[in-house]
Q: 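Please find one structure pasted underneath; my questions will follow.
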Protein chains: 2
Amino acid sequence: MLVFLNGQFVPEARAVVSPHDRGFMYGDGLFETMRVCNGRPFRMAQHLERMARGADFLKIKCPFTLEELQAYAGQLIEKNQMPEAILRVVLTRGPGERGYTPRPGGHPTMVMTLHPAPTLNPPMQWKLVTSLYCIPATDPLAPFKTLNKLTHVMAGLGAVEQGAHEALLLNSNGEVAETASGNLFWVSRNRVCTVPAGCGALPGITRAVVLEICAALGLPADERVIKPAVLRKTGGIFITQSALGIVPVVELDGKPVASSPLVEQIRLAYCERLLRP
Amino acid sequence: MLVFLNGQFVPEARAVVSPHDRGFMYGDGLFETMRVCNGRPFRMAQHLERMARGADFLKIKCPFTLEELQAYAGQLIEKNQMPEAILRVVLTRGPGERGYTPRPGGHPTMVMTLHPAPTLNPPMQWKLVTSLYCIPATDPLAPFKTLNKLTHVMAGLGAVEQGAHEALLLNSNGEVAETASGNLFWVSRNRVCTVPAGCGALPGITRAVVLEICAALGLPADERVIKPAVLRKTGGIFITQSALGIVPVVELDGKPVASSPLVEQIRLAYCERLLRP
C-alpha cells in the first residue's frame, strides 16, 4: 500500500509523521473522508473546499491546490489499484515547538490514505442510542472537520458498549445535534427533516447531497431544531455520512423506529449519484 | 537528542509515529507536561496519576507502570544531559483502523520528549485578553489533559494577534474557566482565589501546588465562580502552569491589573519547592 505524504507516494511502512507534528501534539489540523467509487472520490471538490475553509480559519497554509490534490488522489487510487475504497485526507499545521500557540513559518503536513470500503448493499441498519456526551451549541470550530474528535470517539465507544451501533449527540442546549459519525435526518408528515447548521453539528457533504436529492425528487425538506423527546416520536430516521452514505436507523434508545418509504427512495437516489460517471 | 518511544530510546530523526495512530487521526490520547529541575521532573507522580485516571476513563491501557515511566524519564534526562528541561509525556490509543469507535486489542503509543526550559527568573509578566473561544461548562473529558487542544491553540493564536501573551477562556455559562495554557488565580481582600474544578477547567498540578503553598503559608484560599466583569475589578491575577510555574498578569483586556505582594510570595515559595531535593 502506498500513502501520499507531502507530495510523495511512500510505502506504508515508511509513511510516518513526527511526534512533534502539531496534529499529533494537539489535534491541530483537519481531515476529510470520501467514498471512492469507480476510481473517483465522490464530491471531492466539496470535501476539499470545506477543508480549505477550515485551513483558512485555522491559518494553516495548505501546500497544494485543490486541482493538485485531486490529481494526487487519482494517482494514489491508480497506484494502489483501489477503485473502490475510502479516501482519507489529513492536513495538519505540521511539526512545531511545544506550546499551544503556533509560531509562524511552519510546514504543514498533508497525508492521503486509502482504506477498505464497507459494503452499501444491503444497507446497514443501525441501533442508535443517546450519548452522555454532548457538543457545544455554539463553537467557532463547528463548521470544520478538525482532528479534535475525542468526544465522538467516546460517544461511539459508549454506544457499542450498550449494544448499539451509533451514538446520538445532543448539543449543550439539549437539542439533537448529530451522531458520532454523521448527520441526522427524520421524516415528519412526508417532509424530510434535518437539524439546521446552527445546532453545533458538522455540516456534512452527504447531508448536502441528500438535500439536493430531495429538491430533485420534489420531496419537501426542512431544517428544524428538535428535542430528543420529539425525535423519539418520529419515524424514517436515517444518518448520512461519507463512508456509508445513507444508514437507516431501526432503533433509538431501545425502541423501534417507524420506517418510511422515503428513506429507501433517497438511499437509492444517493447510490445512483455515487455511480454516475 | 534521544526520544523515548514505546520502551526504547531512539534518535529524534528515527522517532516517528504512524499516520494511522489514533492520536494523529482523532486526538485520541492524553499528554502531560512537567518542568525538569536539577534532573528531576517536578511532581511527576501527580502528573502521571492524572494521566492514568484519563487512560482509565478513555479505556486506553497504559503499557508502563508509574514507576517504570519515572525510571525511563530519569534515563531520558541523563542520556540527553538535560537536567533543566520540559518533559512531555504522550499516551495515545495507538495505530487503528479508520473510524471513530476504537476496536479492541490495539497497542497504545507512549512518547516522552525533552524540550528547552523557559527561564523562571525574572518571571514573565503577561498581558491577558478574553478569548472569543469558550470551553464547555460541563464536559466528562474536562478532568483530563487530552490531545484535543484546538480551542486552546486558536485562543492562544488570537491573543498573540491582539498583542497579548495569553488568552482567558470563559465557559459556556459565561464564567471564567481557565487560560489557554493554565489555571487562573486572583487575590481578593487578601484571599487567594481560583475557579472551582466544576467550571470546565483542567485541574492543574501547579494549581494544586499553589493551594498547598497557601495552606503551608497560612494564606486563606478560596475556590469561587467568577464572571469576567468581576475579575476585571480584582488584582493579583496570576496564571499557573507546569512549564512556567507562576506567571503574574499585568494587564487584562487592555487595562492594567493591580499587583498584590501575595503573588511574589507564592511565586518564591513555588520556586523553592521546585528546587527542593
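Every heavy atom of this structure was used, including side-chain atoms; hydrogens, water molecules and symmetry mates were not. First the proteins, then the strands, lettered A, B, ... as listed; each starts at 1. Everything numeric here is computed off the predicted structure, so don't read it as measured data.
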Q: Could you look at B:Gln241 and say if it's the side chain, the backbone, both or neither that has a heavy atom under 4.5 Å from chain A?
A: neither
Q: Let me confirm one number: the CG-OH distance from B:Leu157 to A:Tyr100, rounded to the nearest 0.5 Å.
A: 14.5 Å
Q: Checking A:Glu97 against chain B: side chain, backbone, both or neither under 4.5 Å from a heavy atom?
A: neither
Q: Examine whether an atom of B:Glu166 lies under 4.5 Å from a heavy atom of chain A, and if so say whether it belongs to the side chain, the backbone or both; otherwise answer neither.
A: neither
Q: Heavy-atom pairs under 4.5 Å with chain B: which of A:Asp21, A:Val160, A:Ile86, A:Thr138 has the most?
A: A:Ile86
Q: Tell me, yes or no, whether the heavy-atom count around A:Glu84 atom CD, taken from other residues, nucleotides or ligands under 6.0 Å, exceeds 12.
A: yes
Q: Using a cut-off of under 4.5 Å for heavy-atom pairs, which of B:Ser172, B:Ser18, B:Pro102, B:Pro136 has the most such pairs with chain A?
A: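 Of the options given, most contacts go to B:Pro102.
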Q: Is it the side chain or the backbone of B:His115 that comes within 4.5 Å of chain A heavy atoms, both, or neither?
A: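 The answer is the side chain of B:His115.
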Q: With a cut-off of under 6.0 Å to the ring centre and 45° to the axis, is B:Arg88 in cation-pi contact with A:Phe24?
A: no
Q: Heavy-atom distance under 4.5 Å between the side chains of B:Val153 and A:Arg22, does that happen here?
A: yes
Q: Under a 4.5 Å heavy-atom cut-off, does chain A meet the side chain of B:Met25, its backbone, both or neither?
A: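 Looking at B:Met25, backbone and side chain both touch chain A.
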Q: Do A:Leu58 and B:Leu150 come close enough that some side-chain heavy atom pair is under 4.5 Å?
A: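 Sidechains of B:Leu150 and A:Leu58: in contact.
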Q: Identify the two heavy atoms, one from A:Pro19 and one from B:Ala15, that lie closest to each other, and give their separation to 0.1 Å.
A: CD-O, 2.9 Å
Q: Please state whether the side chain, the backbone, both or neither of B:Val111 comes within less than 4.5 Å of a heavy atom of chain A.
A: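 For B:Val111, the contact with chain A is made by the side chain alone.
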Q: If you count heavy-atom pairs under 4.5 Å between each of A:Gly27, A:Cys134, A:Gly158, A:Ala13 and chain B, which one has the most?
A: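 Most pairs with chain B among the choices: A:Gly27.
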Q: A side-chain contact here means heavy atoms from C-beta on lying under 4.5 Å apart; do A:Met154 and B:Phe57 qualify?
A: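 Yes. Closest side-chain heavy atoms under 4.5 Å.
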Q: Examine whether an atom of A:Thr33 lies under 4.5 Å from a heavy atom of chain B, and if so say whether it belongs to the side chain, the backbone or both; otherwise answer neither.
A: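 Only the side chain of A:Thr33 comes within 4.5 Å of chain B.
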Q: Side chain from CB out, backbone as N, CA, C, O: work out which of these in A:Thr113 comes under 4.5 Å of a heavy atom of chain B, or both, or neither.
A: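 It is the side chain, since no backbone atom gets that close.
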Q: Above 12 or not: heavy atoms from other molecules or residues under 6.0 Å from CD of B:Gln8?
A: no
Q: For the candidates B:Val90, B:Thr92, B:Thr151, B:Thr101, which exhibits the highest count of non-hydrogen atom pairs separated by less than 4.5 Å from chain A?
A: B:Thr101
Q: In terms of heavy-atom pairs under 4.5 Å, which option from B:Leu147, B:Val17, B:Ile135, B:Val16 contacts chain A the most?
A: B:Val17
Q: I want to check something: taking the side chain as every heavy atom from C-beta on, are A:Asp28 and B:Lys149 in contact at a cut-off of under 4.5 Å?
A: no
